[in-house]
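The structure under discussion appears below in the form of structure tokens.
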Amino acid sequence: MVRIEDVDSTRCQRGMDQTLLRQLAALNLHSDEPPVYQSQRTPLYQQALDQLIAGGHAYLCGCSRRDIELALQHSGQPNKPRHGELVYPGTCRHGLHGKPARAWRFNTQAQPRLHWQDRRLGEQAQDVALDVGDFILQRADGCFAYQLAVVVDDAAQGITDVVRGEDLADNTARQILLQRALHLPTPRYLHTPLVLGPHGEKLSKQNGAQALDTEHPLATLNRAAAVLGLAEQHALADALANWVAQWRCLYNLPP
């Protein structure tokens, strides 16, 4: 299946969904179902947020980024961004104190330290309250957060295994908390190695990464397969089936 994760429409370039679909087709990867667009699923995310509010898991927040920085300074806590985000100190957890509401946050204070098993990375653990703080569910501009949207969509689409890049492993604990609060199943997780640039940096537009080469699809797929520990293939028509079998052996999946 293909999911177009365009829930944050302000960051999505027009036409990129069609580019992605053309690239997949050029690599002989075809979806069994029509693509699902997060931008068309707002009512589902609102329903989930309403459920979290009703269950006492979410609260309104009136803090700007500057407010959070000042609160961290006054409390003597470090205000160095963690992966670009400040660890929220819980300022509005017990009320807005006269500030206008800006966003909805998930209350992490009663949540235990989480432990889970990653199929590649092994035993994982995180204290979300300490390491992340009460995270955003819906932003001040009304946009639903990635964490909430993917949890809702994974459950709605019957996803049993989440396989994604290692840079997203840090999201897992937050998503497990949301799954539990919404009474949704927790999939198995596997975080793959990243394809890195010559200086060890993650490939991105910011560091000049080249566009996907769809003129030579088998060579492109073989380069990706090598990073995943899969053997080189010599025919595009057989590549996917052969890699599926290797993947099952590599990660001990049932036939």
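These values consider heavy atoms only, across backbone and side chains, with no hydrogens, waters or symmetry-generated copies.
- Side chain to side chain, Q23 and T214 fail the donor-acceptor criterion of an N or O pair below 3.5 Å.
- Side chain of D134 to main chain of T108: a donor-acceptor pair is present (N/O by atom type, distance under 3.5 Å, no hydrogens or angles).
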Please assess D118 against H191 for the test side-chain hydrogen bond (donor to acceptor under 3.5 Å, both in side chains), listing each intermediate value before the final yes or no.
-> CA-CA 7 Å; D118 186 280; H191 290 86; 2.6 Å; yes
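- The neighbour count for E215 CD, taken as heavy atoms of other residues, nucleotides or ligands under 6.0 Å away, does not exceed 12.
- When all heavy atoms of L203 and V195 are compared, the pair lying nearest together is CG-O, 3.4 Å.
- No side-chain heavy atom of L24 sits less than 4.5 Å from a side-chain heavy atom of S31.
- With respect to R139 and D141, a salt bridge is recorded, a charged nitrogen being found less than 4.0 Å from a carboxylate O.
- Although no hydrogens or angles enter the test, the distance criterion places no donor-acceptor pair under 3.5 Å between the side chain of W247 and the main chain of N242.
- For the pair V128 and Q111, the minimum side-chain heavy-atom distance is 4.5 Å or more.
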For side-chain hydrogen bond (donor to acceptor under 3.5 Å, both in side chains), just list the numbers for Q38 and R3, CA-CA rounded to whole Å, side-chain angles, deciding distance to a tenth of an Å, and then say yes or no.
-> CA-CA 7 Å; Q38 286 188 330; R3 181 193 302 161; over 6 Å; no
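- Within the 4.5 Å cutoff, the side chain of V151 has no heavy atoms near those of the L148 side chain.
- With hydrogens and angles ignored, the 3.5 Å screen pairs a side-chain donor or acceptor of N222 with a backbone N or O of Q233.
- Using cut-offs of 30° and 60° on the angle between ring planes, the pair Y59 and Y88 is tilted.
- Checked for salt-bridge contact, R41 and D6 miss the test: no charged N lies under 4.0 Å from a carboxylate O.
- A distance of 11.5 Å separates CG in L29 from CG in L21, rounded to the nearest 0.5 Å.
- Between the NE2 atom of H216 and the CG atom of L236 there is a distance of 13.0 Å, given to the nearest 0.5 Å.
- More than 12 heavy atoms of other residues, nucleotides or ligands sit less than 6.0 Å from atom CD of Q109.
- Note: D238 CG to N28 CG = 10.0 Å, rounded to the nearest 0.5 Å.
- Under the 3.5 Å distance criterion, the side-chain polar atoms of Q246 are matched with a main-chain donor or acceptor of A231.
- In this structure, S39 contributes its side chain and V7 its backbone to no donor-acceptor pair below 3.5 Å.
- In this structure, V36 and V2 have side chains that are not in contact, with every pair of non-hydrogen atoms separated by 4.5 Å or more.
- Remark: side-chain polar atoms of Q138 are not paired, donor with acceptor, to backbone N or O of W104 under 3.5 angstrom.
- More than 12 heavy atoms of other residues, nucleotides or ligands sit less than 6.0 Å from atom NE2 of H115.
- Contact check on R119 versus D161 returns a salt bridge, with a Lys/Arg side-chain nitrogen under 4.0 Å from an Asp/Glu carboxylate oxygen.
- Judged by distance alone, with hydrogens and angles left aside, the side-chain atoms of R105 form no donor-acceptor pair with the main-chain N or O of C61 at under 3.5 Å.
- No more than 12 heavy atoms of other residues, nucleotides or ligands sit less than 6.0 Å from atom CD of Q47.
- The CD1 atom of I176 sits 11.0 Å away from atom CG of N171, with the distance rounded to the nearest 0.5 Å.
- Side-chain atoms of Y45 and D153 include a donor-acceptor pair closer than 3.5 Å.
- Considering only heavy atoms from C-beta on, L70 comes within 4.5 Å of R66 through its side chain.
- Cluster annotation: V132 and I136 are assigned to distinct hydrophobic clusters (Ile/Leu/Val/Met/Phe/Trp/Tyr, side-chain heavy-atom contacts under 4.5 Å, transitive).
- Residues C92 and L60 have side chains not in contact (no heavy-atom distance under 4.5 Å, counting atoms from C-beta outward).
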Verify side chain to side chain contact (heavy atoms under 4.5 Å, CB included) between T192 and V163, making sure each step is shown before the conclusion.
-> CA-CA 7 Å; T192 66; V163 179; 3.7 Å; yes
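- With contacts defined as side-chain heavy-atom distances shorter than 4.5 Å, the pair L114/D127 does not qualify.
- From Y189, atom OH reaches atom CG of L121 across 13.5 Å, with rounding to the nearest 0.5 Å.
- Q117 is not listed as a side-chain neighbour of Q124, based on a closest heavy-atom distance of 4.5 Å or more.
- Distance CG/L72 to OG1/T91: 7.5 Å, rounded to 0.5 Å.
- Counted by atom type alone, D8 and Y146 present zero donor-acceptor pairs between their side chains at under 3.5 Å.
- Within the cation-pi definition used here (under 6.0 Å to the ring centroid, within 45° of the axis), R120 does not qualify as a partner of Y251.
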